[in-house]
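To keep things clear, I will list the structure first and then write my remarks on it.
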Amino acid sequence: MKSKITMLALALAVASPLAFAQNAAPAAAGTPAAAWKYKSPKLDRAAIDKLLHTPDKVVFIDVRQPDEVSKIGGFPVYLSIQAGDLEKQLAYIPRERRVVTLSNHAGRAGAAADLLASKGFKVAGAVGVQNYEEEGGALTKIAPRVNREAAGAEAARR
């Protein structure tokens, strides 16, 4: 009995560092991404393109920070509600439409989709805009709004 416990302890001692190293190592090109851990589905380009053709039946909610949207791009029509504010903004999300949440690689979007589903929203799924672009989808580059009066005053000071 003691030798079985010793063998089990030895096996765990050897396996634990190997498992940690395997999980800590960056994914090599061509290896699958981390497993999807959300209840809401992660949507691919084909599913998104199909939903984009029915804009009256869907609402896209981008949960990223504004600077991420302007640097990376997004979809042409969306609500911008940052992930940390989502629960406080539920009243502004149309319940009659299917919801798609957006983030860069769908991590925050998956969490947001699950939150909305738990609150009774009809969630179609989550998407990473960079994943969508990698699959050949075109993103809309969104420039931040410029306050013309402030820009004019700044130019006059120079």
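Note that the structure is a prediction, hence the values are computed from the model and not measured.
If you chain together hydrophobic residues whose side chains sit under 4.5 Å apart, Phe121 and Leu102 never meet in one group. If you chain together hydrophobic residues whose side chains sit under 4.5 Å apart, Val100 and Val63 never meet in one group. Note on Val58: it clusters hydrophobically with Tyr132, by side-chain heavy-atom contacts below 4.5 Å among ILVMFWY residues. Taking hydrophobic clusters as Ile, Leu, Val, Met, Phe, Trp and Tyr residues chained together by side-chain heavy-atom distances below 4.5 Å, Phe75 does not share a cluster with Leu79. Put simply, Val127 and Val99 are part of two different groups of oily side chains (I, L, V, M, F, W, Y) that touch within less than 4.5 Å, one to the next.
Ala109 and Ser103 make their closest contact through N-OG, 3.2 Å (heavy atoms, listed as atom of the first residue, atom of the second, distance). Looking at every heavy atom in both residues, Val123 comes nearest to Ala117 through CG2-N, 3.6 Å. In terms of heavy-atom proximity, Ala126 sits nearest to Ala113 at CB-CB, 4.3 Å. Considering every non-hydrogen atom in both Gln82 and Pro66, the closest pair reads NE2-CD, 3.1 Å.
Leu43 CG to Glu135 CD: the interatomic distance, rounded to the nearest 0.5 Å, is 10.0 Å. Note that CG of Asn131 and CD1 of Ile48 are 10.5 Å apart. Values are rounded to the nearest 0.5 Å. The line from CD of Gln65 to OG of Ser70 is 11.0 Å long, rounded to the nearest 0.5 Å. To the nearest 0.5 Å, the span separating CD1 on Ile61 from CD1 on Ile93 amounts to 3.5 Å. In this structure, Asn104 CG and Glu133 CD are separated by 10.5 Å, a value rounded to the nearest 0.5 Å. In this structure, OG1 in Thr101 is found 11.0 Å from CD1 in Ile81, a value given to the nearest 0.5 Å.
Partners of Lys88 according to the salt bridge (Lys or Arg N to Asp or Glu O under 4.0 Å) rule, which considers only residues two or more places apart in sequence or in another chain, are Asp85. Taking Tyr38 as the reference, Trp36 meet the ring-ring contact (aromatic ring centres under 6.0 Å, His included) condition, with sequence neighbours excluded.
The closest donor-acceptor contact from the side chain of Arg97 to the backbone of Pro55 lies under 3.5 Å. Without hydrogens or angle criteria, Lys122 side chain to Glu96 main chain gives a donor-acceptor distance under 3.5 Å.
Crowding of Lys50 atom NZ: a count of heavy atoms from other residues, nucleotides or ligands under 6.0 Å not exceeding 12.
Residues Asp62 and Ser80 have side chains that never bring a donor and an acceptor to within less than 3.5 angstrom of each other.
Arg64 is listed as a side-chain neighbour of Ile72, based on a closest heavy-atom distance under 4.5 Å.
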